Amino acid sequence: MKLLRFGEKGSEKPGLLDADGVIRDLSGKVDDISGDVLTSDGLKKLAEIDPASLPKVEGSPRIGAPIGHVQKFLGIGLNYSDHAAETGLPVPEEPIVFVKASSCICGPNDNVLMPDGYERMDWEVELGVVIGDPAKRISESEALNHVAGYTICNDVSERRLQVGGPGEWFKAKSYDTFGPMGPWVVTKDEVGDPQKLKLTLDVNGERMQTGTTSTMIFNVAQLVAYISRFMTLMPGDVISTGTPPGVGMGRKPRIFLKDGDVMHLTVEGLGEQTQKVTRGN
């Protein structure tokens, strides 16, 4: 299944994308795409619904972030060896886990704000892992049983704030709109092996990032199990699993986003995103 949310910001409705690419309205079945809806039992109930029995959504509505309530939005730093190399940092021995404020999450095609004083904004296409069943101190072998599905994340970052003392990553990556997500959550049964997905990101039509999840240092199962040692992962939590090489900070000379730039992201089987950078607070 491809689960999504559509409508104006703050008033999104739950939906699913049928086999013909038509959005179907799920609001008569569930209140939102969040919480128990994403557990194994919740997804099983949704899978029993005939999409043709749901109302079609007419027109071309705005697509919102695919999860209505994200308790924890976690990121993984330097999880591709070639990305670590381009930043001049060593390959980590354990996953580097950081937090992005959930308030930074926006729809996959919403504008990304460039606030006053932000001069080194950068892009990062990433595979997002959506938690289904709660996960607490689980093993790698059972980790994927706790995954509901996958989505695309753009881990937008202000590099000027990322370099410095402890905690700078959180500030650098949490401004409003710095977490485009979606367009939908694709359930794990449709994705198959999450370590065989291609990722791309273009800026103004020029390819900046090309990668594959097969080169992740820590795979999805390892990440879910590792994080569950330190906190209970809950339904709707999202782990953005790191980015392949090609970020602006790693280029020579460095390239950073400008007002009016357009980013286009893809992850194989998960759809695509397009965001325009616009000045504003």
Side-chain angles (χ1 to χ4, degrees), residues 1-71 73 105-110 127-135 142-153 180-199 213 220-221 224 233-239 265-274:
M1 290 182 291
K2 293 180 175 68
L3 303 174
L4 57 95
R5 299 168 68 248
F6 64 94
E8 295 304 310
K9 185 176 181 180
S11 301
E12 294 93 342
K13 294 182 178 181
L16 64 78
L17 197 72
D18 70 17
D20 296 319
V22 175
I23 298 175
R24 299 283 182 162
D25 190 342
L26 270 173
S27 58
K29 303 293 184 179
V30 297
D31 292 333
D32 207 346
I33 306 298
S34 63
D36 290 346
V37 172
L38 292 165
T39 64
S40 297
D41 288 343
L43 293 178
K44 182 179 179 180
K45 291 177 181 177
L46 288 183
E48 293 171 351
I49 300 172
D50 179 4
S53 69
L54 300 171
K56 290 184 179 181
V57 177
E58 302 297 335
S60 301
R62 169 186 172 271
I63 303 298
I67 304 167
H69 178 60
V70 178
Q71 290 189 41
F73 188 13
I105 296 171
C106 65
N109 303 313
D110 291 346
L127 171 67
V129 178
V130 180
I131 299 299
D133 294 340
E142 60 186 338
L144 296 186
N145 295 333
H146 295 260
V147 172
Y150 303 92
T151 191
I152 304 173
C153 295
M181 188 180 295
W184 29 73
V185 174
V186 184
T187 51
K188 62 185 176 184
D189 57 299
E190 287 197 12
V191 173
D193 187 350
Q195 305 308 143
K196 294 182 178 180
L197 305 179
K198 297 177 182 177
L199 308 87
T213 56
V220 171
V224 173
L233 293 168
M234 298 299 292
D237 286 351
V238 176
I239 304 168
L265 297 75
T266 70
V267 176
E268 187 176 3
L270 304 184
E272 58 186 43
Q273 301 181 350
T274 301

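Worth saying up front: this structure is predicted, and the values here are computed from it rather than measured.
- For Asn145, the CG atom counts as densely surrounded, since its 6.0 Å shell holds more than 12 non-hydrogen atoms of other residues, nucleotides or ligands.
- Pro235 approaches Gly35 most closely through the heavy-atom pair CB-O, 3.3 Å.
- Inter-residue side-chain proximity for Pro61 and Ile23 is flagged as met; some heavy-atom pair is nearer than 4.5 Å.
- Remark: the backbone N or O of Met1 is paired with a side-chain donor or acceptor of Thr187 at under 3.5 angstrom.
- In this structure, the separation between OG1 on Thr39 and NE2 on His146 is 12.0 Å, given to the nearest 0.5 Å.
- With contacts defined as side-chain heavy-atom distances shorter than 4.5 Å, the pair Lys198/Thr266 does not qualify.
- Nearest heavy-atom pair, Ile152 versus Pro183, reported as atom, atom and distance to 0.1 Å: CD1-CD, 4.4 Å.
- The two residues Leu197 and Leu127 have their closest heavy-atom pair at CD1-CD1, 4.0 Å.
- Here OG1 of Thr274 is found 11.5 Å from CG of Asp110. Values are rounded to the nearest 0.5 Å.
- Here the side chains of Val129 and Tyr150 are in contact, with some heavy-atom distance below 4.5 Å.
- In this structure, the side chain of Gln195 engages the main chain of Val220 through a donor-acceptor pair within 3.5 Å.
- Put simply, the side chain of Leu4 does not reach to within 4.5 Å of the side chain of Ile33, judged on heavy atoms.
- To the nearest 0.5 Å, the span separating CG on Leu199 from CG on Leu265 amounts to 9.0 Å.
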* Apply side-chain contact (heavy atoms from CB on, under 4.5 Å) to Leu16 and Leu46, showing your working. => CA-CA 10 Å; Leu16 64 78; Leu46 288 183; 5.9 Å; no

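- Applying the 6.0 Å contact sphere to CG of Asp31 captures no more than 12 heavy atoms from other residues, nucleotides or ligands.
- Taking the side chain as every heavy atom from C-beta outward, Glu268 and Lys196 never approach each other to under 4.5 Å.
- Looking at Ser27 and Asp25, their side chains do bring a donor and an acceptor atom within 3.5 Å of each other.
- Closest of all the heavy-atom pairs between Leu38 and Ala148 is O-CB, 3.4 Å.
- Taking 4.5 Å as the limit, some side-chain heavy atom of Leu43 sits within range of a side-chain heavy atom of Leu3.
- From Phe6, atom CZ reaches atom CD of Glu12 across 10.0 Å, with rounding to the nearest 0.5 Å.
- Pairing each heavy atom of Pro108 with each of Ala65, the nearest pair is CD-N, 4.4 Å.
- Judged purely by atom type and a 3.5 angstrom limit, Glu8 has no side-chain atom pairing as donor or acceptor with the backbone of Arg62.
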* **Residues Leu54, Lys29; criterion side-chain contact (heavy atoms from CB on, under 4.5 Å); working and verdict** => CA-CA 9 Å; Leu54 300 171; Lys29 303 293 184 179; 4.0 Å; yes

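- Asp237 contributes no side-chain N or O that, together with a main-chain N or O of Ile131, makes up a donor-acceptor pair within less than 3.5 Å.
- A donor-acceptor pair under 3.5 Å is absent between the side-chain atoms of Arg5 and the main chain of Pro66, judged by distance alone.
- No side-chain heavy atom of Leu26 sits under 4.5 Å from any side-chain heavy atom of Val37.
- Taken from CZ in Arg24 to CD1 in Ile49, the straight-line distance is 12.5 Å, to the nearest 0.5 Å.
- Counting heavy atoms of neighbouring residues, nucleotides and ligands inside a 6.0 Å radius, atom NZ of Lys188 exceeds 12 of them.
- Cys153 places none of its side-chain heavy atoms less than 4.5 Å from the side chain of Pro180.
- Between Met181 atom CE and Thr151 atom OG1 the span is 6.5 Å, to the nearest 0.5 Å.
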